[in-house]
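Each chain gets a letter, A, B and so on, in the order the sequences are listed, and its residues count up from 1. Given the structure is predicted, the values throughout are model-derived calculations rather than measurements.
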Amino acid sequence: MGNCFAPISSNSSSTETSPRDTAPNPSTTQIGEPNEEQRLQPTSIGSNREISSSGPSRRQSTTLGRLNKHKRTSSLFSMVGPSLDALRNYATLPNPQNSLSASTLLLSSKTCLAVFDAYPKAKYHFLVLPRYPFPPQSDPESKESITSLNSLNDLKSILLKTTPSAREEILQNMNNMANEVEEMIRDEMLKSEGFEWKVDIGFHAIPSMKHVHLHVISDDRISPSLKTKKHHNSFRPDLGFFIPIMEVQRWIEDDSNMQERVDALSGAEQLLNTPLTCHKCDEFISNIPKLKTHLEKHFQDERSSALKHIARHGRQRSSDEEIF
DNA sequence: GTTCTAGAAC
DNA sequence: GTTCTAGAAC
């Protein structure tokens, strides 16, 4: 709920396409005016709907699209919900902006994609993934890849199985797109709630889906899909399971103990069993329903103090100013 | 990853 | 009796 975007125009030159830019106009409304079903149902990472039904003009007929979707999910996929390699399917599409619907794909560039998380754990939650083949910076039009598909399996393989230059290029491109997604989120926060709040960007130490992905998630953590202690712990930036991308950037600046760092990632699973406490105020919370009430209160408090501040000073103090 | 449900916690 | 979690199944 609440994780839907009004139409957003990206002003960054790094982004080459988005479905809204390229598709005929129905897609413009998909993000901006989702129906209640789209709002509440997960968007489509897992369902594989509308993936590369390579026929012409997928989006021209809504009815046809829906029929296809249901046919595909019932006959081809026994499991309801996301397939564990849905992201890899996306990442290897030669033409994602033509193959993915606007409710799945947020942004695409020559090197990366940003997609809606199918089970968002906050009001805003997106995934940024590197595409394969991953073209070199020196020749973005090339069909060559600076790294193998296997090296894009997860953060571990990025850190250990790529050349230092490829590693830096991949992480830099992912970071750039994540920053762009954050800007879009902040625009939407202002439009929908009148103020901005924190956005976290990072990897999971132990990912649940194949193909490395960077989470871009708002720090409210208010979402019907957040159902367990492990869900909440997996996004706490202070626990060690969620690795902020800034930290990974520091790791590659001095990679002398990279192997130790990667080994530590594998041991991170037990962190998910950490007792449930609020990630904002550290208060112990006995169960998930109480956490939800608690987080809702934090959100309303933040909102009212931000709105008061804006009323007094005409603008919101940016998070940068708060830190420095 | 999600869904389902038995049994623990209240 | 109801709520909630955690583990099995998918």
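- Across the protein-nucleic acid pair, A:Leu272 atom CG and B:dG1 atom C1' stand 13 Å apart, rounded to whole Å.
- Between the CG atom of A:Leu84 and the C1' atom of C:dA9 there is a distance of 13 Å, given to the nearest Å.
- For A:Asn287, the side-chain atoms get nearest to C:dT5 when compared with the rest of B:dG1, C:dT5, B:dT3.
- Remark: the backbone N or O of A:Arg315 is paired with a side-chain donor or acceptor of A:His309 at under 3.5 angstrom.
- Per the geometry, NZ belonging to A:Lys229 stands 14 Å off P belonging to B:dG1, to the nearest Å.
- In this structure, the ring of A:Tyr132 has its center no less than 6.0 angstrom from the ring center of A:Tyr90.
- Here the P atom of nucleotide C:dC4 and the NZ atom of A:Lys230 are 20 Å apart, to the nearest Å.
- Between A:Phe116 atom CZ and B:dG1 atom C1' the separation is 19 Å, expressed in whole Å.
- The distance between atom CG of A:Leu291 and atom C1' of C:dT3, rounded to the nearest whole Å, is 16 Å.
- Note: CG (A:Asn273) to C1' (C:dT5) measures 12 Å, nearest angstrom.
- Here the side chain of A:Ile288 is nearest to one of C:dT5, B:dT3, B:dG1, namely C:dT5.
- A:His231 comes within contact range of the sugar-phosphate backbone alone, with a heavy-atom separation under 4.0 Å but no base atom that close.
- No donor-acceptor pair under 3.5 Å is formed between the side chain of A:Lys123 and the backbone N or O of A:Asp219.
- The side chain of A:Lys121 contributes no N or O atom lying less than 4.0 Å from OP1 or OP2 of B:dG1.
- Atom CG of A:Leu276 is separated from atom C1' of C:dC4 by 12 Å (rounded to the nearest Å).
- The side chain to side chain donor-acceptor pair (under 3.5 Å) test with A:Asn153 singles out one residue from A:Lys161, A:His211, A:Lys210, A:Arg88, and that residue is A:Arg88.
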